[in-house]
Amino acid sequence: MAFTELKQRQSVMWGNGPYERITDTIRDIHRLVVDRLDPQPGERWLDAACGTGAVAFLAAERGADVVGIDLAPALIETARELAAQRGAEVTFEVGDCEKLPAADASFDVVSSTCGVMFAPDHAAVARELARVTRPGGRLALACWTPEGGLGDLFRMMAPFAPPPPEGAGSPFDWGREEHVRTLLGDAFELAFERHDSPLTLSSGVEYWELFSSSYGPTKTLAESLDEERRAAFRQAWIDWAEQYRENGGIVQHREYLLTTGRRR
């Protein structure tokens, strides 16, 4: 599958379901990204692969002039609706992080939280992040690690999913320091931190119901399966989730790599 076709499918997949319910499970990551970037009033801020706008709203509350860009039209529509409800002055646009609709050096701050990592062409994303960040500007990327809880989740889903297209990078490579240094080290002075974002739920059934209804990759995959395979997928998910049982519930530790940088 060509990347163009893949991205067309992704633009629909990520908008399949109320993604803001998933966003609510990583509020701690959003806060840390914004705190590390320390927005100042009037700074131009780009949140790339912004989803339904959680980071954009936090940055705007602290005075930044924020643009959020995402490939999925449904997510941008939701972000605009939430902005109207909150009275937030944030610009949301449909756009491809491999070819950002922005001028060179046009942003003081660039962020992405569990977002740009899912674009297939990592080198193109890295070039665009560097291109739109002004000299001296700041960058922060929060990306799931391969060995962490989200890596485990995608490995569990893999037997039920079609193989990834040839040439597409693994999204979880963005959670490896050496990969990020290769992509961004020439353009940014980089620093790295590892953090955990625990997901706490009552049971494996609740985990399945949340993600199969609201997380685009899971919901889309489940809907593509026949009844027998979908039932098997559901049971595999529940059995897998129950391994994280702790103190009467499910506690899944989800490690992520926080990359911060300053544009050279």
(request) Look at atom CG of D186 and say whether more than 12 heavy atoms of other residues, nucleotides or ligands are closer to it than 6.0 Å. (result) no
(message) So for atom CD, which belongs to E178, do other residues, nucleotides or ligands contribute more than 12 heavy atoms lying within a distance under 6.0 Å?
(response) yes
(message) Between R254 and D196, does any NZ, NE, NH1 or NH2 come within less than 4.0 Å of an OD or OE carboxylate oxygen?
(response) no
(request) Give a yes-or-no answer on whether the side chains of T220 and R9 include a donor-acceptor pair shorter than 3.5 Å. (result) no
(request) Check whether the side chains of Y244 and D152 place a donor and an acceptor atom closer than 3.5 Å, and report yes or no. (result) yes
(request) Just jot down the side chain to side chain contact (heavy atoms under 4.5 Å, CB included) partners of A102, sequence neighbours excluded, or say none. (result) S106, F107, V132
(message) Tell me whether the rings of F57 and F92 are parallel (<30°), tilted (30 to 60°) or perpendicular (>60°).
(response) perpendicular
(request) Of all the heavy-atom pairs spanning A72 and G15, show the shortest one and how long it is. (result) CB-N, 4.1 Å
(message) Set out, in order, the CA-CA distance, both residues' side-chain angles and the distance that settles salt bridge (charged side-chain N to carboxylate O under 4.0 Å, His left out) for E147 and R194, then state yes or no.
(response) CA-CA 12 Å; E147 61 274 17; R194 288 181 178 268; 3.3 Å; yes
(message) For E193, give me all partners under side-chain hydrogen bond (donor to acceptor under 3.5 Å, both in side chains), at least two apart in sequence or on another chain.
(response) R36, H195
(message) Suppose we screen for side chain to side chain contact (heavy atoms under 4.5 Å, CB included). Which residues come up paired with R127, at least two apart in sequence or across chains?
(response) A123, A124
(request) State whether R138 and D108 are salt-bridged, where the test is any N-O pair (Lys NZ or Arg NE/NH1/NH2 against Asp/Glu carboxylate O) under 4.0 Å. (result) no
(request) Check whether any side-chain heavy atom of W45 lies under 4.5 Å from a side-chain heavy atom of P39, and answer yes or no. (result) yes
(request) Could you tell me which residues satisfy side chain to side chain contact (heavy atoms under 4.5 Å, CB included) with M157, sequence neighbours excluded, listed by chain and number? (result) L153, F154, T218, L221, F233, W237
(message) We want to know whether N16 and E223 form a side-chain donor-acceptor pair, criterion being a heavy-atom distance below 3.5 angstrom.
(response) yes
(request) Run the salt-bridge test on R176 and D173 with the 4.0 Å N-O cut-off and return the result as yes or no. (result) yes
(message) If you apply the rule ring pair (Phe, Tyr, Trp, His ring centres under 6.0 Å), what do you find for F118 with W14, and how did you get there?
(response) CA-CA 10 Å; F118 289 101; W14 285 105; 5.0 Å; yes
(message) Surrounding CG of D104 (heavy atoms of other residues, nucleotides or ligands, distance under 6.0 Å), is the total greater than 12?
(response) yes
(request) Might you work through the salt bridge (charged side-chain N to carboxylate O under 4.0 Å, His left out) test for E128 and R131, ending with a clear yes or no? (result) CA-CA 5 Å; E128 285 296 274; R131 182 182 67 80; 2.8 Å; yes
(request) Name all pairs fulfilling the side chain to side chain donor-acceptor pair (under 3.5 Å) condition that reach into residues 70-93, sequence neighbours left out, sorted by first residue then second. (result) E61-R86
(request) On the 0 to 90° scale, with breaks at 30° and 60°, tag the W240-Y207 ring pair as parallel, tilted or perpendicular. (result) tilted
(message) For R263 and T133, which I'm curious about, is there any donor-acceptor pair between the side chains at under 3.5 Å?
(response) no
(request) With sequence neighbours left out, write down each residue that passes side chain to side chain contact (heavy atoms under 4.5 Å, CB included) with V12, or none if nothing qualifies. (result) none
(message) Check whether E206 reaches the backbone of S202 with its side chain - one donor and one acceptor, N or O, closer than 3.5 Å.
(response) yes
